[in-house]
Amino acid sequence: MKSFVFITIFILIFPCVSRAQTSASPQALLYVQNSTRAINSLREHISSVDIVAPQTYVTNSKGKLMGKPNKEILSIAQTAGAHIMPLVSNQGFNQKKIDEFLKDTNAQNALLASLVTEAQTQKYIGYQYDFEHIAVSDRDVYSAFIAKSATYFHGNNLQLSVAIAPIHSENPNDFGPGSWQNWTGAFDYPAIGASADFVSVMAYDDSNSVGPTASLPWVTQVANYTLAHIPANKVSFGIPFYAWVRNTATGKRVEITGYPVLGSIIDNGTYIDKGWSDTLGVPWITFKAKGKHGKVLTAWYEDAQSFQKKINLIKTNNMRGYSAWAIGQEDPKIWNVIAQTRSSDAQVAVK
């Protein structure tokens with residue numbers, strides 16, 4: 001999904017409406033990492049966040065729960081009345097260890113018991129599983145673990161959401177090399193969608209992309225596949241805040257960055273060229289890498305305009321909301337889009 005460096009916002013099992021959300025407004029789930037920039041952005045914009053999803057916990061193959069919550073993040077969310085749903089990931093996204101965990105009933109039971117105790121102590125509404133790099137051969141056992149977790153959580157008044165890799169086709173050959181076998185194919189959309197209170201579709205990191213992480217045509221394909229297998233009211237659609245940077249000459253991806261870095265280049269006028277792709281639905285900028293012999297780079301990034309297009313897709317299809325990865329990396333102007341969306345939906349709900 002994401003390297004261990006980002007944030008998110010999500011939704012829950014029993015329908016819940018946050019203090020600033022109307023029934024028509026897409027629910028905002030934001031992933032939050034422990035960086036100063038992320039925490040400052042969360043504090044400034046918490047009134048526009050429904051679910052705060054800190055990247056907090058990991059488990060090993062024995063089901064041991066590891067990680068400690070960031071007290072500042074919890075305080076910001078709790079003071080504002082936002083819900084808290086931390087992420088739980090498999091340690092290191094290690095494929096061998098998650099295979100061992102999924103075949104060990106005792107390890108699963110140990111993890112579930114620890115998660116319930118921690119949720120009751122910290123006042124979480126539940127958790128989001130962000131288990132990744134699962135082999136396609138573990139598809140059924142992973143779905144079974146999701147069903148088991150949902151039953152256990154619900155019995156303890158907790159909700160379960162699941163981050164799922166983006167699927168746009170049933171054909172394994174339609175994905176980049178190794179993607180279906182080692183990442184995407186392990187997610188059984190109908191089975192997971194039936195068990196979880198909602199899913200967060202990681203609609204970014206297109207395995208075949210030669211440009212942006214999430215072009216609008218590809219994102220639309222992912223949305224169409226998702227909605228054919230999971231009810232719209234259970235879908236929190238992923239939106240990236242980060243950018244892919246490529247060597248302009250070779251097209252090879254060389255870096256992942258956020259808008260703050262690119263925005264500084266734009267504001268300082270130190271770019272070579274910039275523009276907007278109507279075909280891909282995202283902006284781009286070319287600039288020279290630092291250093292005397294710096295290569296020319298092209299960054300495909302997300303700004304307020306591309307964010308709005310993805311929000312329009314979510315609203316048109318009546319999806320539950322969106323999950324943004326991750327706060328602190330965003331174009332500041334996207335908060336104007338969020339505010340306008342929530343305000344206009346509130347007006348519609350009143351009429």
Side-chain angles (χ1 to χ4, degrees), residues 1-12 16-21 25-57 69-70 72-89 124-130 159 161-164 197-204 213-214 235-243 258-260 302-304 306-308 310-311 314-315 319-342 345:
M1 168 180 207
K2 34 247 173 190
S3 63
F4 258 94
V5 194
F6 304 112
I7 299 183
T8 314
I9 300 172
F10 292 101
I11 325 175
L12 302 160
C16 65
V17 178
S18 72
R19 67 261 181 270
Q21 180 197 5
S25 180
Q27 190 173 52
L29 184 159
L30 288 170
Y31 295 102
V32 183
Q33 296 175 311
N34 290 333
S35 71
T36 299
R37 185 187 295 276
I39 293 172
N40 287 342
S41 184
L42 179 67
R43 181 182 294 105
E44 182 178 357
H45 302 292
I46 188 62
S47 63
S48 294
V49 177
D50 300 307
I51 300 177
V52 176
Q55 193 171 31
T56 304
Y57 301 104
N70 183 300
E72 190 172 7
I73 292 174
L74 298 191
S75 177
I76 293 170
Q78 290 167 348
T79 300
H83 298 297
I84 303 171
M85 178 177 272
L87 301 187
V88 182
S89 303
Y124 301 148
I125 59 168
Y127 295 94
Q128 179 171 95
Y129 284 169
D130 179 26
Q159 303 169 30
S161 66
V162 182
I164 58 179
D197 298 301
F198 71 95
V199 300
S200 183
V201 183
M202 296 180 281
Y204 32 74
T213 177
V235 176
S236 182
F237 205 64
I239 301 178
F241 281 165
Y242 60 93
Y259 186 86
E302 297 289 330
D303 66 357
S306 63
F307 181 80
Q308 179 71 74
K310 292 178 172 68
I311 289 293
I314 289 166
K315 294 183 68 175
M319 294 186 217
R320 182 179 197 120
Y322 58 92
S323 301
W325 183 264
I327 198 168
Q329 303 173 55
E330 73 276 7
D331 174 1
K333 293 180 181 178
I334 68 104
W335 295 107
N336 296 330
V337 176
I338 292 173
Q340 291 168 5
T341 298
R342 295 168 85 89
D345 287 340

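Remember, it's a predicted structure, so these values are computed and weren't measured experimentally. Both backbone and side-chain heavy atoms feed into the values below; hydrogens, waters and symmetry mates do not.
Closest of all the heavy-atom pairs between R342 and S48 is NH1-O, 3.3 Å. Here the closest non-hydrogen pair linking P69 and Y124 is CB-OH, 3.4 Å. Across A77 and I46, no two heavy atoms sit closer than the pair CA-CD1, 4.2 Å. Nearest heavy-atom pair, K315 versus P26, reported as atom, atom and distance to 0.1 Å: CG-CG, 3.6 Å. E302 and Y259 make their closest contact through O-CD1, 4.0 Å (heavy atoms, listed as atom of the first residue, atom of the second, distance). Between Y322 and I314, the shortest heavy-atom contact is CB-CD1, 3.6 Å.
Between I76 atom CD1 and E44 atom CD the span is 11.0 Å, to the nearest 0.5 Å. In this structure, the separation between CG on L87 and CG on D130 is 5.5 Å, given to the nearest 0.5 Å. I327 CD1 to H45 NE2: the interatomic distance, rounded to the nearest 0.5 Å, is 7.0 Å. Put simply, CG on N70 and CG on N34 are 4.5 Å apart, with the number rounded to the nearest 0.5 Å. Residue Q55 holds its CD atom at 10.5 Å from CD of Q128, rounded to the nearest 0.5 Å. We find the CD1-CG distance between I73 and L42 to be 7.0 Å, quoted to the nearest 0.5 Å.
By the 30° and 60° cut-offs, the orientation of the rings of F307 relative to F241 is tilted.
Put simply, the side chain of D331 gets close to the backbone of A304: a donor and an acceptor are under 3.5 Å apart. Distance alone, capped at 3.5 Å, is enough to place a donor-acceptor pair between the K310 side chain and the A214 backbone. Side chain of T79 to main chain of S75: a donor-acceptor pair is present (N/O by atom type, distance under 3.5 Å, no hydrogens or angles).
Residues meeting the side-chain hydrogen bond (donor to acceptor under 3.5 Å, both in side chains) test with S41, sequence neighbours left out: E330. The side-chain hydrogen bond (donor to acceptor under 3.5 Å, both in side chains) search around R37 returns none, not counting sequence neighbours. Partners of E72 by salt bridge (Lys or Arg N to Asp or Glu O under 4.0 Å), not counting sequence neighbours, listed by chain and number: R43. Under the rule for a side-chain hydrogen bond (donor to acceptor under 3.5 Å, both in side chains), the partners of Y129 that lie at least two apart in sequence or sit in another chain are S149.
A heavy-atom distance below 4.5 Å is not found between the side chains of P240 and W325.
In the model, S161 has no side-chain atom that pairs as donor or acceptor with a side-chain atom of S200 under 3.5 Å.
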